[in-house]
Novice: 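Please see the structure below; I have some questions.
As the structure is a computational prediction, the values presented were derived from the model and not from experiment. Indexing begins at 1, ligand by ligand and atom by atom, following the structure's order. Start at 1 with the first residue, then count along the sequence.
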Amino acid sequence: MKIEKLEYIPIAIDRSQVFKIATGSELTAENVMVKVHGEDKVGWGNASPNSVTDETTESILKAIKSMKKDIEGRDIDIEEFWMEQREKLPDDRAALAGVDIALYDLKAKIEGKRVFELFEGREKGIVTDRTIGIVSRGETVEQAREFMSQGFKALKIKIGLDLFGDIRRLQSIREEVSPTLDMWVDANQGYTVQESFTLCQKLNDLDIEFIEQPVMVGDEEGLKEVSLRSDIPIMADESIKDHKDAERICYNDMANLINIKLMKCSGITGGRKIVDVLEDYGVNAMVGCMGEVVPSLAAAAHLHMTSGNIRYADLDSHFMLSDNITSGFEFKEGRLWTLDQPGLGIDILEDKVEEYKMGLDAE
Ligand SMILES: [Mg+2]
């Protein structure tokens with residue numbers, strides 16, 4: 001695939017509400033849009049700065065500028081380019097994700113296929129949760145009711161700052177909102193191993209689907225201990241960035257489930273490498289997101305469609321933004337759908353991209 005040009009555009013969109021989790025709060029979502037041109041088509045992707053891969057908008061711009069030099073005018077194979085850049089820029093995972101996603105959108109458009117078809121996937125509507133940040137018990141109940149009325153079939157509740165307060169928040173959803181709603185829980189590394197044991201025990205009769213990352217990244221023995229002793233499945237998130245981490249976690253039985261995020265694993269190429277590991281070990285996964293705009297969420301939805309081992313989707317970051325820079329990523333009766341057209345199946349609203357453009361450039 002011959003690449004003629006790569007453009008990058010940093011954008012900032014306000015969140016519709018402050019989103020608080022165990023590791024911090026955020027008011028705006030910054031993303032770097034990536035646009036690649038080749039063979040008379042255009043592909044789009046985006047990179048999202050985040051604390052998990054320790055990337056900022058500035059570092060992403062710098063990395064993409066370097067990739068631009070390496071790709072323009074070249075005839076590339078996506079996976080070869082990906083491997084070359086992983087080696088060259090090992091710390092710029094989200095930046096590479098943005099470029100990788102744009103390249104797959106372009107490749108699929110050139111071949112007249114939808115992205116999941118490049119991997120022999122099958123179309124489906126993706127059930128996504130809606131996330132409730134760390135808020136009071138009353139607000140938790142109120143938001144849970146609101147999201148259910150919007151059609152969401154699953155809720156992910158952020159916890160990790162107040163063990164017994166968190167348990168009460170979760171009990172309140174069961175008692176006051178719904179006895180049957182799918183409930184997922186994310187502690188974002190907020191607890192010690194001992195607190196995690198207490199949490200798992202106290203939540204046992206609440207029918208919780210899984211608990212994400214109860215303990216600190218790096219405490220892999222702790223994660224393993226909690227996973228072995230908990231009756232509720234434990235999902236690794238911050239502890240797994242790429243297929244090498246997935247291999248280590250699966251081989252050592254450190255977690256029951258894996259959270260794949262394209263920003264951590266450097267895009268669709270990295271996501272597919274994780275899926276290969278999970279399929280070998282028979283481990284299931286979720287696709288997640290972090291403060292992303294729609295192209296990378298649509299890419300994660302396509303990845304979901306390529307493997308039966310991906311069972312869950314937490315693709316809701318666009319619902320938390322005050323505006324949308326795309327059309328075509330529809331939410332209907334609890335499920336997300338991409339358009340039946342080549343590529344990622346979304347349309348970029350370029351005037352919106354222009355409207356939210358930041359006055360930044362790579363150094
Ligand atoms: Mg998480």
Novice: Under 2.8 Å from the Mg ion (ligand 1), can any N, O or S atom of Asp314 be found?
Specialist: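 Checking Asp314: none of its N, O or S atoms is under 2.8 Å.
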Novice: Which is the closest N/O/S atom of Asp186 when seen from the Mg ion (ligand 1)?
Specialist: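 Result: OD2.
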Novice: Is it true that some N/O/S atom of Asp237, main chain or side chain, lies under 2.8 Å from the Mg ion (ligand 1)?
Specialist: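 It does; at least one qualifying atom falls short of 2.8 Å.
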Novice: So, Arg169 and Asp166, do they make that salt bridge, N to O below 4.0 Å?
Specialist: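 Here Arg169 pairs with Asp166 in a salt bridge, since their nearest N and O are under 4.0 Å apart.
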Novice: Taking NZ, NE, NH1 and NH2 as the nitrogens, is one of them in Lys62 or Asp92 under 4.0 Å from a carboxylate oxygen of the other?
Specialist: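 Not counted as a salt bridge, because no side-chain N and carboxylate O are separated by less than 4.0 Å.
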Novice: Restricting to N, O or S atoms of Glu212, which is nearest to the Mg ion (ligand 1)?
Specialist: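 This turns out to be OE1.
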Novice: Show your reasoning for whether side-chain contact (heavy atoms from CB on, under 4.5 Å) applies to Ile208 and Trp184.
Specialist: CA-CA 6 Å; Ile208 302 290; Trp184 312 346; over 6 Å; no
Novice: Passes side-chain hydrogen bond (donor to acceptor under 3.5 Å, both in side chains), Gln213 versus Ser239? Steps please.
Specialist: CA-CA 8 Å; Gln213 195 76 36; Ser239 291; 2.9 Å; yes
